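The sequence lines fix the lettering, A, B, ..., with proteins before strands; numbering per chain opens at 1. Since this is a predicted model, take the numbers as computed values, not measurements.
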Amino acid sequence: MSAAISTAYEPREVEERWYRTWLEQGVFRADPASPKPPYAIVIPPPNVTGILTLGHVLNNTMQDILARRARMLGREVLWLPGTDHAGIATQTVVERQLRKEKKTRHDLGRDEFVTQVWAWKEEHGGIIIRQLQRLGCSCDWSRERFTMDPAYSREVQSAFVELYRCGLIYRGKRMVNWCPVSLTALSDEEVIPTPNQGTLYVMRYEVVEEPGVYLAIATTRPETLMGDTAVAVNPKDPRYQRLIGRHCWRPFPRAAIPIIADDAIDPEFGTGVLKVTPAHDPVDFEIGQRHHLPTLDVFSPDATLNELAGPDFVGLDRFEARAKAVERLRELGLLVREEPYQNTVGYSERAGVPIEPRLSEQWFLRYPKVQECLEAVASGRIQFRPERWTKTFEHWIANIKDWCISRQLWWGHRIPVWYHRHEPQRLHVDVAPPSDPENWDQDPDVLDTWFSSWLWPFAAMDDEARRRFYPTTDLVTGPDIIFFWVARMIMAGLHFQGEIPFANVYFTGLIRDSQGRKMSKSLGNSPDPLELIAKYGADGLRFGLMRIAPHGQDIRFDEKQIEEGRNFANKLWNACRFRQMQGPLTGGFQPGQQLSPYTARILHQLEATVARVNRGYAEYLFTEVAQSIYDFFWSDFCDWYLEAAKNEINSTDPAIRQGALAAIDHVIGVVLRLLHPFMPHLTEELWHRLGFGTQTIQFATLDDLAAPMPVDPALVRFAGQVYDSVSIARNLRAEHHVPSNRKARMILKTDVDGDFAVLARLLNAEPLEVRPDYEGEPGVPVAITPVGQIFLPLVGLVDTGAERERLGKELAKVEAELETVHKKLANENFVQRAPAAVVAEHRQRAGAFLERLEQLRERVAAL
RNA sequence: GCACGGUUAGCUUAGCGGUAGAGCGACUGGUUUACACCCAGUAGGUCGGGGGUUCGAAUCCCUCACCGUGCACCA
């Protein structure tokens with residue numbers, strides 16, 4: 001027998017010890033040479049600047065469950081980990097640090113700045129990797145990748161070159177989303193539309209040809225009026241038709257600008273007149289293109305106004321300029337009115353400020369394999385879970401626009417394009433720099449971080465792994481990056497590998513706080529997972545979270561639920577501790593072993609649980625799996641079976657004792673294996689302590705989970721009747737204030753021929769007299785149960801009135817239930833149309849109710 | 001405006017066509033030799049409103065309301 005187990009489970013030491021052991025033994029390593037069928041999953045690489053959030057805990061726990069389950073099912077598992085260089089996020093972190101020293105990245109220069117980011121990454125990056133390890137993640141850390149590793153960078157650059165050569169990547173001057181804080185272009189996906197309470201200003205421009213006649217124009221952005229190069233109306237708008245082709249005065253800088261007609265103008269909105277600022281609004285830009293209007297960019301890259309805005313505005317921030325423009329309009333008598341106005345403004349995802357539409361030269365990608373990508377998901381070759389996300393996905397694909405992939409940052413993959421110094425038309429586009437670098441300038445921009453992430457499922461693998469493990473099996477991620485990442489990975493996989501990158505995508509829910517709000521740094525409502533691990537253990541956190549993470553549904557987080565996970569770990573610990581106190585494992589049932597009804601029942605319930613668990617895994621219903629095991633183990637096994645089995649365990653007959661212990665061993669052995677993916681450390685510890693094996697439980701087979709011997713349904717039924725009777729009679733005791741620990745004399749009147757020692761034990765009845773002919777005595781409380789009438793004779797505590805009342809209440813209840821069933825059976829439609837089995841079940845119930853009713857009436861009469 | 005989710009006991013939720021179930025919380029009783037991170041018991045629900053289909057609806061259909069998410073519009 002191994003060392004004694006302490007009374008409360010203390011996870012910390014166990015978890016750290018086992019994780020260390022697993023690493024030492026290399027059990028997470030994927031062997032491409034293995035003959036086992038492969039299973040692969042790539043981690044959604046967290047930002048290298050990141051620290052673990054509950055969201056990470058949720059999706060990495062799910063991945064770990066899938067990986068560990070696959071190992072137990074005999075697959076060669078590759079769970080490939082890594083981190084993402086996270087262009088803007090990481091650059092911002094280091095710039096913030098520089099700001100404390102009153103420096104900007106320009107003070108350092110590009111090379112020095114990038115060196116500093118690398119230094120920062122070496123020192124602080126990858127914290128999240130250690131945190132994932134603390135959570136128990138079984139990644140193959142020997143293959144950890146970073147998206148800026150040299151090998152990975154080469155993949156990114158050759159992807160660019162290849163797409164450029166296919167003609168899918170092009171450079172163009174376009175209206176892009178510009179972040180005035182990060183000073184870079186952003187993709188549409190990085191812009192968050194945010195409701196904004198602003199003001200709609202109505203101003204008026206005087207018509208040049210008709211002094212004294214004014215056009216009223218509504219705008220939310222008066223600070224851009226200096227860039228107006230036209231005013232537009234709808235050609236069908238009768239109010240303004242006669243003015244089309246004339247001009248009006250832009251007040252400052254004062255200039256005559258044409259009044260044009262364009263279908264894009266909605267006559268219903270505002271005054272039906274639009275000021276056209278082609279340099280600062282995408283719609284205006286298009287109008288400008290159509291009408292060949294000049295483009296007047298009055299903003300600097302940081303969204304302060306430039307000299308074109310006029311001397312009064314130069315250098316002002318866009319919001320200061322807005323106030324000043326309004327003031328100026330008012331002075332000039334050109335401001336008609338202001339009204340509060342709610343609109344939606346695009347904010348930069350990273351910097352949190354309104355983006356500025358800006359005309360600039362950028363690199364764009366026309367997505368490859370769009371149709372194939374759509375079909376892969378629509379056909380189910382890639383299966384989304386929950387399936388409803390396919391619709392969201394299809395909608396995005398249908399409206400797909402070219403992807404702006406260049407970023408004006410320093411941290412990232414430099415665009416592999418060189419411009420010839422003397423022949424501006426000549427480009428060198430290649431992974432390798434030109435052989436005469438002195439004649440070339442490399443494009444200063446870097447690629448969007450997602451342009452590297454979209455290659456992750458294959459680019460993170462070496463050739464050998466790729467041959468063996470690509471395409472991968474499952475992907476677990478959040479639906480918030482379905483466009484950023486999932487859709488693009490499918491296209492990249494199809495284009496570069498000719499094969500989908502994964503077969504299943506599981507979209508997790510979002511974790512919210514107890515008030516349903518998103519977790520966010522600013523609200524301070526995101527608990528630190530490491531503190532939760534310290535308090536409840538990694539296994540407790542994992543299990544608690546899994547039990548409340550419904551299928552792709554948002555999760556309301558409450559620490560209580562993690563506490564329950566910890567409690568369950570403790571329950572498992574103590575049940576095993578109890579078993580260990582009974583001596584070493586039995587090694588299974590003896591040939592010809594007689595099963596008690598209770599043992600038959602628990603084996604039967606275990607089988608049902610295994611079936612539920614298998615079904616749950618097949619459908620990725622993690623909550624269902626966790627809940628099934630929880631219910632079975634805590635309720636069926638601990639509360640009922642172990643208590644009932646104590647009679648057998650304490651039996652003087654070694655065969656009886658042996659039988660119960662064999663059943664316990666079987667149940668615990670199965671439960672530990674079923675539970676291992678959820679609670680890896682604890683199950684491993686108990687597996688070894690109890691002596692189920694000397695090898696890690698991670699590779700324990702799942703082939704022998706079935707009941708080791710056939711089970712007689714009659715025994716199962718009898719045990720169920722005893723348990724039901726126990727509940728009813730315990731209630732009787734409680735109602736009569738007999739403390740549960742007090743041994744009480746009880747009388748069982750029954751025709752059933754059976755052993756009632758377990759009934760006596762569970763009722764704490766001592767003695768339990770079995771008297772088939774007992775007729776009761778006036779005032780003796782009684783419970784009508786499936787195995788007979790149970791009397792509770794109370795010395796000196798007989799209150800006939802109270803007992804009559806209690807029985808009366810129960811009588812009423814049973815009568816009501818009987819009536820419901822009778823009504824149904826009296827309905828000819830029901831009897832004829834309902835399935836025969838349902839009708840039969842109702843008849844049976846009616847019979848049972850009737851019998852109980854008669855017994856109750858008899859008891860009332862006897863009072 | 002369009003689409004997709006959600007609305008079940010005080011809280012978190014399961015059930016998705018045949019007697020509404022769990023955990024937490026509340027209340028009562030318990031030092032029953034595995035566990036107080038526990039055990040036993042009790043109370044608490046017209047399953048968001050309305051309509052329909054069906055012998056039968058929390059469950060299917062329609063409709064409304066509210067909450068959430070995505071997309072579009074946003075002068």
### Message
Over all strands shown, is A/Arg566 touching base, sugar-phosphate only, or nothing at heavy-atom distances under 4.0 angstrom?
### Response
base
### Task
Step through the shown structure and confirm whether more than 12 heavy atoms of other residues, nucleotides or ligands are within 6.0 Å of CZ on A/Arg12.
no
### Task
Would you tell me if any nitrogen or oxygen in the side chain of A/Asn567 comes within less than 4.0 Å of OP1 or OP2 on B/rC38?
yes
### Task
Would you classify A/Ile265 as touching base, sugar-phosphate or nothing, given that sugar-phosphate means primed atoms plus P, OP1 and OP2, and contacts are heavy atoms under 4.0 Å?
base
### Task
Indicate, yes or no, whether a donor-acceptor pair under 3.5 Å links the base of B/rA34 to the side chain of A/Glu643.
yes
### Message
Tell me whether the side-chain N/O atoms of A/Lys391 come closer than 4.0 Å to OP1 or OP2 in B/rC4.
### Response
yes
### Task
Please determine if a side-chain N or O atom of A/Asn343 lies less than 4.0 Å away from the OP1 or OP2 oxygen of B/rC73.
no
### Task
Verify the contact: side-chain N or O of A/Lys571 to OP1 or OP2 of B/rC39, cut-off strictly under 4.0 Å; return yes or no.
yes
### Task
Would you kindly give the CZ-to-C1' distance between A/Phe393 and B/rA3, to the nearest whole Å?
16 Å
#### Entry: Touch class at under 4.0 angstrom, heavy-atom based, for A/Lys560 against every strand present
sugar-phosphate
### Message
If you compare every side-chain N and O of A/Lys646 against the phosphate oxygens of B/rU33 (OP1, OP2), does one of them come in below 4.0 Å?
### Response
no
### Message
Can you classify the ring geometry of A/Phe393 versus A/Phe384 as parallel (below 30°), tilted (30 to 60°) or perpendicular (above 60°)?
### Response
perpendicular
#### Entry: Atom-pair distance (CG on A/Asn827; C1' on B/rG18), nearest Å
13 Å
### Query
How about A/Asn177 and A/Asp188: does a side-chain donor come under 3.5 Å of a side-chain acceptor?
yes
### Message
Can you say whether a donor on the side chain of A/Ser740 sits under 3.5 Å from an acceptor on the base of B/rG29, or the other way round?
### Response
yes
### Message
Heavy atoms only, 4.0 Å cut-off, all strands: where does A/Arg579 land among base, sugar-phosphate and nothing?
### Response
nothing
### Task
With heavy atoms under 4.0 Å as the rule, sort A/Trp640 into base, sugar-phosphate or nothing.
nothing
### Query
What does A/Asp284 touch in the nucleic acid at a heavy-atom separation under 4.0 angstrom: a base, only the sugar-phosphate, or nothing?
nothing
### Message
By the 4.0 Å heavy-atom rule, please label A/Thr344 as base, sugar-phosphate, or nothing.
### Response
base
### Query
When the ring planes of A/Phe568 and A/Trp634 are compared, do they come out parallel, tilted or perpendicular, using 30° and 60° as the limits?
parallel
### Query
How is A/His842 classified with respect to the nucleic acid when contacts are heavy atoms under 4.0 Å: base, sugar-phosphate, or nothing?
sugar-phosphate
### Message
For a quick check of understanding: with a heavy-atom distance under 4.0 Å over all strands, which category does A/Asn764 fall into, base, sugar-phosphate or nothing?
### Response
base
### Summary
Exactly one of A/Arg542, A/Glu559, A/Arg566 clears side chain to side chain donor-acceptor pair (under 3.5 Å) with A/Tyr536, and that residue is A/Glu559
